[in-house]
Amino acid sequence: MANSAKRLLVVGPSWVGDMVMAQSLFMTLKARHPGAMLGVVAPAWSQPILERMPEVDEVLPLSVGHGEFGLTNRRELASQLRGRFDRAIVLPRSWKAALVPFMARIPERVGFLGEHRYGLLKERRKLDKQVLDQTVKRFVSLGLPLEETLNGDFAIPRPRLNIDRDNLVNLRLAHTLSSRPAIGMMPGAEYGPAKQWPLAYFHDLAKRLIGDGFEVRVLGGPKDHDAGETIVAGLSHAHNLCGKTQLADAVDLLADCSQVVTNDSGLMHVAAAVGVRIHALYGSSSPAYTPPLTDNAVIHYLGLYCSPCFERTCPLGHTNCLNQLTVEQVYQAMRADQQRKNGIINK
């Protein structure tokens, strides 16, 4: 990549977890191009997350829903960008994702081959899924010269989101959170039920942890509200915050937790990016493909003969990859973590 490309544009992904992982690319670009200006085209919902990334200089919201073509909105945004950027990196592999840089006449446009994008991209890279075997590797590789990515051996900086301590104080007051050490629970997984640990298991685990002196915070979007109600039912010191907080609030609330228990979801990647201890539950997906980008994580994965299937619902109808992942196993791992932490503190 030419060092003269000082005005960089990234067309970002459409999922929370992917947007967090994209920060590894942003960090790479800023390291390779000191003083460069970095803009990110992204769904409007992602702006609060991008604003927690110091590498991002400008967020350019694109108001287009999942699966929506939105030609008018793309054309309007492209007209605003014309003449402002030297190079564009298109992370999604769809045809429509490459339209804005093309219509904005950005001279250098790079992305992976996909959906007949031959006229839209100047540099079309073939995706070797064996070499670039993780989502984050694919993102970062597009910010590097092609020759540096051929063996997959390049640095992956880990996402790190800024924390707003004042906002955290306000959240603790607004939701009457206690002074107990907190456990975060994220029962949602937008992709589908084959990535979701049973709610009864979350409830049982919450009950045990509250008995040990913890407060439980269930985090998620409005779609997860009913799941949160199931988890906190009949429990004191348990708060269902699903749908009651904004995405940026989740950043601060997770940073305030002692540990979190989470499905393979967008909030798992948010938790990784604030440094909290993570217990990540994997079923139909693979911790090798989308791991939490942190050393501070325990992976709970049974690795059954049928895993990972990457299906939204279990094709065999039993979801044993999660149903056989017991509460006792997760609880004992969390308890051991806390004992180690207390041992360090008490020395």
Item to check | Separation between CG of Asn73 and CG of Leu77, rounded to the nearest 0.5 Å | outcome: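 Here the interatomic distance stands at 8.5 Å.
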Next on the checklist: Within this structure, what is the CZ-OG distance for the pair Arg312 and Ser284, rounded to the nearest 0.5 Å?
Outcome noted: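 So the gap between those two atoms works out to 10.0 Å.
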How close do [X] and [Y] get, heavy atom to heavy atom, and via which atoms?
X      : Y      : result
His237 : Phe214 : CB-O, 4.1 Å
Asp57  : Ala36  : OD2-O, 3.6 Å
Ala194 : Cys314 : CB-N, 4.0 Å
Lys6   : Asp86  : N-OD2, 3.4 Å
Phe139 : Leu25  : O-CD1, 3.5 Å
Asp224 : Gly188 : OD1-CA, 3.5 Å

Next on the checklist: Go through it in stages, so that I can follow the logic: the residues are Thr290 and Gln134, the test is side chain to side chain donor-acceptor pair (under 3.5 Å), and I'd like the CA-CA distance, side-chain angles, deciding distance and then a yes or no.
Outcome noted: CA-CA 6 Å; Thr290 53; Gln134 294 179 340; over 6 Å; no
Checklist entry - Would Arg125 and Glu123 count as a salt bridge (Lys or Arg N to Asp or Glu O under 4.0 Å) if you check the C-alpha gap in whole Å, the side-chain angles of each, and the deciding distance to 0.1 Å? => result CA-CA 6 Å; Arg125 295 189 182 181; Glu123 183 184 347; 2.8 Å; yes
Tell me if a side-chain donor or acceptor on [X] pairs with a main-chain N or O of [Y] at a distance below 3.5 Å.
X      : Y      : result
Asn170 : Asn167 : no
Trp95  : Leu120 : no
Arg74  : Leu62  : no
Arg172 : Leu177 : no
Asn296 : Gly275 : yes
Ser46  : Ala42  : no
Arg52  : Asn162 : yes
Arg208 : Glu328 : no

Checklist entry - Which residue pairs satisfy the ring pair (Phe, Tyr, Trp, His ring centres under 6.0 Å) criterion with at least one member in residues 280-338, sequence neighbours excluded? => result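 Ring pair (Phe, Tyr, Trp, His ring centres under 6.0 Å) check on residues 280-338 returns His279-His300.
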Next on the checklist: The test is side-chain contact (heavy atoms from CB on, under 4.5 Å); show your working for Val260 and Met186 and say whether it passes.
Outcome noted: CA-CA 8 Å; Val260 301; Met186 289 89 91; 4.2 Å; yes
Checklist entry - Quick one: do Lys244 and Asp249 make a salt bridge, cutoff under 4.0 Å? => result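 Answer for the salt bridge query: no.
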Checklist entry - Are Arg165 and Asp252 ion-paired here, with the side-chain N under 4.0 Å from a carboxylate O? => result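 Asp252 and Arg165: not salt-bridged.
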Checklist entry - For Glu51, does the CD atom sit with more than 12 other heavy atoms under 6.0 Å from it, leaving out its own atoms? => result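 Enclosed: over 12 neighbouring heavy atoms sit under 6.0 Å from CD of Glu51.
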Checklist entry - If you count the non-hydrogen atoms of other residues, nucleotides and ligands that lie under 6.0 Å from CZ in Arg105, is the total more than 12? => result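 At most 12 heavy atoms, drawn from other residues, nucleotides or ligands, come within 6.0 Å of this atom.
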Item to check | Working for salt bridge (Lys or Arg N to Asp or Glu O under 4.0 Å), residues Lys137 and Asp128 | outcome: CA-CA 11 Å; Lys137 284 186 182 180; Asp128 187 329; over 6 Å; no
Are [X] and [Y] in one and the same hydrophobic cluster, where Ile, Leu, Val, Met, Phe, Trp and Tyr link if side-chain heavy atoms are under 4.5 Å apart?
X      : Y      : value
Ile89  : Leu50  : yes
Leu219 : Leu199 : no
Val261 : Val298 : no

Checklist entry - Which is it for Asn263 and Gln196 under the side chain to side chain donor-acceptor pair (under 3.5 Å) test, yes or no, and what are the steps along the way? => result CA-CA 6 Å; Asn263 295 323; Gln196 296 172 331; over 6 Å; no
Next on the checklist: Run the side-chain contact (heavy atoms from CB on, under 4.5 Å) test on Met37 and Arg84 for me, step by step, so that the C-alpha distance in whole Å, both residues' side-chain angles and the decisive distance to 0.1 Å come before the verdict.
Outcome noted: CA-CA 10 Å; Met37 197 282 283; Arg84 295 188 53 209; 4.1 Å; yes
